[in-house]
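Letters A, B, ... are given to chains in the order of the sequence lines, protein chains preceding strands, and every chain is numbered from 1. Every heavy atom of this structure was used, including side-chain atoms; hydrogens, water molecules and symmetry mates were not.
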Amino acid sequence: MCWGLIPHWAKDASRGSKLINARAETVLTKPSFRDSFRFRRRCLVPADGFYEWKREGKKSTPYRIALPGKEVFAFAGLWDRWDSPEGSVFSFTIITTEANESMKEIHNRMPVILSDEEEYIEWLETGDLRALKKILRPYEGRLHIYPVSKLVNSPKNDMPELILEETAR
DNA sequence: CCAGACGTTGTT
DNA sequence: GTCTGG
DNA sequence: CCAGACGTTGTT
DNA sequence: GTCTGG
């Protein structure tokens with residue numbers, strides 16, 4: 001299973017392997033994603049956080065974003081299977097949406113975050129378009145946003161905890 | 001029709 | 001596979 | 001933007 | 001460090 005969705009119709013696996021994000025706003029219409037979306041090739045991509053860069057002039061500072069009190073959550077993903085004579089390749093992509101209030105401090109986009117069982121099941125199982133679209137909105141819970149000295153450093157290196165925003169909605 | 005694209009990000 | 005642009 | 005490469009040889 | 005590709 002590899003990150004970077006390869007549409008089932010792709011001529012070769014390499015081209016599609018660059019589709020690492022899908023916009024929530026257009027996922028219904030883009031040829032690369034819509035079948036996966038409609039025909040329930042939806043998936044959960046487990047995560048304990050993600051990184052985003054804040055641009056300040058010429059500098060970009062990496063931040064780690066986590067959900068307070070949640071060791072693990074999930075990104076909303078789509079998958080597909082690409083068949084070739086040599087075998088099948090399964091691949092997936094992550095859906096992005098506009099940033100919520102907290103994330104706007106950092107960046108204008110963010111992954112679609114699912115944080116409880118109910119959402120997981122609905123994302124995977126529902127056939128109702130309205131319900132699906134509702135899921136693909138900016139996360140409404142709290143986020144912890146930590147500056148990171150260097151992204152390449154392991155998270156074990158002391159990571160100053162600076163909570164930019166903790167507003168619940 | 002038929003070849004070529006099919007995606008996102010941020011920046012200008 | 002299906003849509004778009006020329 | 002940001003991740004990933006950052007090279008040459010000889011062959012087609 | 002800097003360029004390239006996506």
Pairwise [atom1] distance for [N] and [M], with rounding to whole Å:
| N | M | atom1 | answer |
| --- | --- | --- | --- |
| E:dG5 | D:dG7 | P | 13 Å |
| E:dT4 | B:dT9 | C1' | 15 Å |
| B:dT11 | D:dA3 | P | 14 Å |
| D:dC2 | B:dG10 | P | 8 Å |

Requested in this report: Return the orientation label for the A:Phe90 and A:Trp79 ring planes: parallel under 30°, perpendicular over 60°, tilted otherwise.
Outcome: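 It falls in the tilted class, 30° to 60°.
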
Requested in this report: Would you indicate whether the side-chain heavy atoms of A:Ile113 and A:Leu143 approach each other to under 4.5 Å?
Outcome: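 When only atoms from C-beta onward are counted, A:Ile113 and A:Leu143 do touch, with a gap below 4.5 Å.
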
Query raised in the report: Are any non-hydrogen side-chain atoms of A:Arg109 and A:Asn21 less than 4.5 angstrom apart?
Result: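 They are not in contact (no side-chain heavy atoms under 4.5 Å apart), so the answer is no.
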
How long is the line joining [atom1] of [X] and [atom2] of [N], in whole Å?
| X | N | atom1 | atom2 | answer |
| --- | --- | --- | --- | --- |
| A:Leu5 | B:dT8 | CG | P | 11 Å |
| A:Ile6 | B:dA5 | CD1 | C1' | 17 Å |
| A:Arg109 | B:dT8 | CZ | P | 9 Å |
| A:Glu52 | B:dG10 | CD | C1' | 11 Å |
| A:Trp3 | D:dG4 | CH2 | P | 9 Å |
| A:Asp80 | B:dC6 | CG | P | 18 Å |
| A:Phe39 | C:dT2 | CZ | C1' | 12 Å |
| A:Trp9 | C:dC3 | CH2 | C1' | 10 Å |

Query raised in the report: With ring centroids as reference points, do A:Phe37 and A:Phe39 lie under 6.0 angstrom apart?
Result: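 That pair fails the under 6.0 Å test.
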
Report summary line: Residues at least two apart in sequence or cross-chain that pass salt bridge (charged side-chain N to carboxylate O under 4.0 Å, His left out) with A:Lys134, listed by chain then number, are none

Query raised in the report: So, A:Thr93 side chain and A:Leu78 main chain: donor-acceptor pair closer than 3.5 Å or not?
Result: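 Pair absent, no side-chain N/O of A:Thr93 close to backbone of A:Leu78.
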
At less than 4.0 Å, is any side-chain N or O atom of [X] found next to OP1 or OP2 of [N]? Yes or no.
| X | N | answer |
| --- | --- | --- |
| A:Asn108 | B:dT9 | no |
| A:Thr26 | B:dT8 | yes |
| A:Arg23 | B:dT9 | yes |

Taking the side chain of [X] as heavy atoms from C-beta outward, which of [options] is closest to it?
| X | options | result |
| --- | --- | --- |
| A:Asn21 | B:dT8, D:dC2, B:dG10 | B:dT8 |
| A:Lys30 | B:dT8, B:dT9, D:dA3 | B:dT8 |
| A:Arg34 | B:dT8, B:dC6, C:dC3 | C:dC3 |

Query raised in the report: What is the nucleic acid contact for A:Thr96, judged by heavy atoms within less than 4.0 Å: base, sugar-phosphate only, or nothing?
Result: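 Sugar-phosphate, backbone atoms only, no base.
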
Report task. Note every stem involving DNA chain B: at least three consecutive Watson-Crick or G-U wobble pairs, i with j then i+1 with j-1, with both distances under 3.5 Å. Result ->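 Stems (3+ consecutive pairs) listed as B:1-6 with C:1-6.
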
Query raised in the report: Side-chain donor-acceptor pair under 3.5 Å between A:Ser88 and A:Asp83, yes or no?
Result: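 A:Asp83 and A:Ser88 do have a side-chain donor-acceptor pair below 3.5 Å.
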
Requested in this report: Any chance you could measure A:Glu101, atom CD, to A:Lys104, atom NZ, to the nearest 0.5 Å?
Outcome: 4.5 Å

